[in-house]
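What follows is a single structure, written as structure tokens, with notes after it.
In the text below, chain A, chain B and the rest are named by the order of the sequence lines, each starting its count at 1.
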Amino acid sequence: MVLFVIFCPIVAAILIMIGAPARKMAVAASVLTLGATLLLLASFSPEQHDFQEVTSFPISSEWHLSFTTGIDGLSLALVLLAAIVTVAAVWFAGKIDKYQNAFYACLLFISGGAIGAFASLDLFFFYAFHELALIPTFLLIGIWGGGNRVAAAWKITIYLAIGSFILLLGLILLYQSVPTASRSFDIRALKAAASLGQISGDAQRHIYLLLLIGFGILTSLFPFHTWAPEAYAAAPAPAAMLHAGILKKFGLYGLLRLAIPLLPEGARHWTNLLVLLLLGNIIYVGLVTIAQKRLDWMLGYSSVMHIGYIFLGIASASILGVTGAVVLMFAHGLSIALLFALAGELRKRTGTLVFEELGGLAKVMPFAGLAFGLGAFAAIGLPGFANFAGEIMIFFGAFKNGWEIGRFHIFQIATVLALWGMVISTVYMLRAYRKVFMGALNERWTGLVDLRSALRVPVTLLVGALLCYGFFPQSFVRMTTPAFRTYLTANK
Amino acid sequence: MITAPLLEVGVLVLGMVILMFEAFATKIDKRILAFAAIAGLAIVLVATFFVAPVPSPNQATGFWNFYTVDRLSVFFKQFALLTTILVLIMMIDYAPAVRSSFPGAHDGLGEFFTVPIFTCAGLMYLVSAIDFIFIFVSLELVTISFYVLVSFTRKNPVTLEAGVKYLVLSALSTAFLVYGIAWIFGVTGQTNLQRITEALATPSTDQSATLLGMVLVLVALGFKIAAVPFQIWVPDVYQGAPTPVTAYLSVGSKAAGFVVLLRVLRPFATLPQMQRLLVLIALLTLIYGNLAALPQGNLKRLLAYSSIAHTGYLLIGVVCLDSNAVVFYLVAYLLMTHLSFAVLVIVAQQTGEQIADFDGLAKRSPFLAFAMLIGMVSLAGVPFTAGFLGKFFIFYAAILQRQIALVVIGVITVGCGFYYYLKVVRAMYWQPAAKIDNISVSTLSRIAIGALIAATIWLGVYPQPILDALKR
Amino acid sequence: MITLGDYLIVSGILFAIGFAGVMLRRNLIIILMSLELMLNAANLSLVAFSRFRVSPAGLPNYNAQVFVFFIITVAAAEVAVGLAILVALFRARQTTDVKDISELKF
Amino acid sequence: MPPFLFWLFASLMLVFGAAVVLNRNPVASALSLVVSFLGLAALFMSLDAYFVGIIQVLVYAGAVMVLFLFIIMLLNLRAEEGRRINWLAATGGIVVALILVIQIFSVIGHFQAARQTFPSLERSTTDDVWNIGALLFSNYNLPFQIVGVLVLVATIGVVLLSKREPR
């Protein structure tokens, strides 16, 4: 089943490149993937601590390299996110002017690559699938992007290529840090070695730093975030949805999957650094976001800012905070995808996203206005949306962090500052909503029509998922928490 | 089972027969000779899989003093044969350019197809050579046949200038090689690598004199593999030489250089200065190759600088003395370089060899554009291509040896690589085409390019066959 | 008495003279001649070593002299090909000066 | 060989070797090359390498030199007129050459064996040519044959490259 979920988009992408009808095939494949993921969700037993649905194909016995896939609560959450966002993105894509087949193939490659990375239990394929998803992103921005697409594509290419090679170095070091006898690319084997204390403290500190920088670049951790807003502003809407919604979560997933469980000593050592950087994300980037004059840039910066909260949850290393981080990853993926989709649709219709030129659009596009409002509320973290649950858990988890560091430590200060970040995000989101959808309607836009009913499907899907897990976060928490219980309790 | 020396004899006989046939059958289409050569080399290639084992170098006598048959050498004989076959396929596409250089309709073409066979024999001898005299002789066979090939389209002054530059600098490197060998012989009294190792183990051997000899040999090999600062000939010669010959130079000649380097370095690995020197050369090569490639607008020249850059990555593997990583990288390099050159040969005859001439290739020939795409992303090092695994094994070895400087510079230059390789992709897919016409590709080339694409991806996903072939 | 070192010094100087010739001169014919000087410097070292490393039978080490024989052959072949390229180049361009060959930039 | 003869031939070789590099006129360079190689051949003889010495005279004075002179005459090359020298390249070349010489000298200075004189030889029952020939056709048969192929390839190349165009 896991294999089907990974390869359904990839095979569909190949078929589309060969010449299958692009849109039908892509929608069918993404819906099938979502269906299969829901089946996985239904058959998943949260009580079990281990990986489930494991399949393995040996590649190289000498290197202990095999293509192994499997899921636990953490990966299942992200696979589910990927499946939902893929359906929405593919549905939203509509008709493409040039190279339609290639466009849909790229979208499906991103989706398949991301799911593959989330479901791989093998370091090598974990890395390789992510790279497989990155290349189509570059192409999507370079070929179909708008605005300053070439510059944006170059920037993201160089940035992410260097980031992923730094990550590769970290992974190789991780592989080499365990004694020769237990060397393996299998994450489970590495975890076993780590729990036996076979990775020395020194090695942990070095490797964690490399992984933090590598994943940090991929995830736009301050100060490596500058590629993100530019790329999202230039990217076509479905590409921005997929990258900001799914692919950027890869770095966070990597930290949760590898860095914390395998390198607790390293994580502890670099906690202060990480907290400082994520405050940069929340406060500095938040303030920069307020200053933006265009909707797409604002959304790009806001996605960078919200990553800061997720990093806070990861840094806290408490079960509550980490689970909150997963919930927020999921919720943020959905809400940012929703916002990028609507922004892309606005750009398609009006040709501009500059705040000064827009205004009062809710009068002509009530459905889009409503959806954007819900997305904005979700992004702010109002109760009722999944984001709220995630942020609350992160704040509590961070305040009473898993390192058991006493009062008035950097964590408490960070939590208080991060709460101010909520205010910042409220300011820029509501300001954007007011500038775009409220106020006097510009003459130029009186002829605009609202979203067609076909486009309402993905919007409804995303909003529905947000609300569903907003009201019932408990089902989500029950699914993901066991994934952390084993090693985070051991931390204490 | 056959004995290994028969392979080279087979290749040489093939060359002579085709040469004779060429001389007497004047009326035929000379391209038939190329097909015959490809078929003959393919037969030898098959035969390489049935090679009988031979005495180990310790108890070697006579003939086996010079010639060894280990896994590495058999593997590289296959490598040389495969490269030559691919180059011959490219040469068939390149035939019109050769025809225009000679007075008769088919003059010169027969030799154009025959000389690579002798080069191939030279390469095959070279990878088996374990004696400095034999290394010298077979290296010169390769080099002299390359002199002829590089300046083959003799009416084109650019080609001839490339030939002159190649000749002067190669001869210079030969002089260094010979002088270095003289010193090593003088210190140890031996030319056989195994005996040199034994002689160096005795404490009475003079260290500094040995080092001088080895550095001189290293300079010579540095010319062959295009390492900085001995790379000055590369851009001009690569750009000026006939394109199939460029591909041959950048793959065959370089691979042979690395095999010799690996073999020659082994006795001297105990000298600590040696490693420091190699690290320095590798760093310079990585930085120069990648930075100089950035502004290039001519694809052939770009590939020349990229070939210098790849020498840098290969040298990382050499510094770590990890021959398996080097060999895997070379195999990946063979696949992706031939892929890019095969497309280049075809496209260059239609429009030109500037990157701008590739504008809109995706519209003109989706197949060629896709092949170039795979070649470029593999050269850049994207996962699921052979190029990535090559870099992976190299970096793995470097991290294991804690060569921090090499790893850091390596990663930064990989980023540069992404920039200039994807420049080609950008031209093919993102730019509008200057002229819309379909490019026709011959069936043989189509098969060869298809096979190269498949192999690049296959090795990127499943490298075990190569690893196995090296281990047994 | 003349030592091995004297021969080696003479050969080293000859090698350097040849090298300087390759680097300094722009005339291809003279570059080829300088290359010959370098190769022959190596030959001199080889023969000196061959005479110095006397075999157990009390004869010079003939391996090195065989090598010298090969080097002379290869050098002659190299010169022949080099001069042939030169002739072709002269027909195409009417020059043998490296500096005039500058269509390809360094 | 008495030391003064050694120094005579060595200085002959070096002086005329330098003349090859320094002469403006290619013909003069070629003739200097002959003299230099004659000196070298004499040095070979002084090392009891008669065969190599004779080969040296035959191949260089006989064949290579004729080839050089022939090409110089054929292409009608004249002396270079006072060309401006590229001083940067020239100093670079001289510096590298000097470093090379210094390196070689310092290595020779440290090299124990370099201070020793040559050991005396036994009288051989067979002569030089026989000994080298025996090695060439037994032990070195394989490289010898490859050199044959090399010469074949060189011949093909020379014929092709210098083939005349019909007018």
*Would Leu150(D) and Phe118(B) count as a side-chain contact (heavy atoms from CB on, under 4.5 Å) if you check the C-alpha gap in whole Å, the side-chain angles of each, and the deciding distance to 0.1 Å?*
CA-CA 8 Å; Leu150(D) 185 151; Phe118(B) 293 114; over 6 Å; no

*asked:* Quick one, Ile144(B) with Val151(D), criterion side-chain contact (heavy atoms from CB on, under 4.5 Å). Give me CA distance, side-chain angles, the key distance, then yes/no.
replied: CA-CA 9 Å; Ile144(B) 290 203; Val151(D) 173; over 6 Å; no

_Heavy-atom proximity to chain D below 4.5 Å, by part of Leu149(B)_ = neither

*Does any heavy atom of chain D fall under 4.5 Å from the side chain of Tyr125(B), the backbone, both, or neither of them?*
side chain

*asked:* I need the contact set between residues 155-162 of chain D and chain B: heavy-atom distance under 4.5 Å, sorted by residue number.
replied: Ile156(D), Gly157(D), Leu160(D), Leu161(D), Ser162(D)

*asked:* With chain D as the partner, which of Leu141(B), Thr119(B), Val148(B) has the greatest number of non-hydrogen pairs under 4.5 Å?
replied: Leu141(B)

_As an exercise: rank Leu12(B), Leu216(B), Leu212(B) by heavy-atom pairs under 4.5 Å with chain D and give me the winner._
Leu212(B)

*asked:* Check for me whether the distance between the ring centres of Phe134(B) and Tyr140(D) falls short of 6.0 Å.
replied: no

*Decide yes or no for Tyr179(B) and Ile104(D): does some side-chain heavy atom of the first lie under 4.5 Å from some side-chain heavy atom of the second?*
yes

_Do Val137(B) and Phe144(D) make a side-chain contact, defined as non-hydrogen atoms from C-beta onward lying under 4.5 Å apart?_
no

*Counting heavy atoms not belonging to Tyr94(B), are there more than 12 under 6.0 Å from its OH?*
yes

*Please check if atom CZ in Phe21(B) has more than 12 non-hydrogen atoms from other residues, nucleotides or ligands closer than 6.0 Å.*
no

*What heavy-atom pair brings Leu142(D) and Tyr67(B) nearest, and what distance separates the two atoms?*
CD2-CD1, 4.2 Å

*Which pair of heavy atoms, one from Arg154(B) and one from Lys163(D), lies closest together, and at what distance?*
NH1-O, 2.6 Å

*When heavy-atom pairs shorter than 4.5 Å are enumerated against chain B, which of Leu100(D), Val107(D), Ile108(D) gives the highest number?*
Val107(D)

*asked:* To the nearest 0.5 Å, what is the distance between CD1 on Ile146(D) and CG on Leu126(B)?
replied: 9.5 Å

*When rounded to the nearest 0.5 angstrom, what distance separates CD in Gln145(D) from CD in Glu8(B)?*
12.5 Å

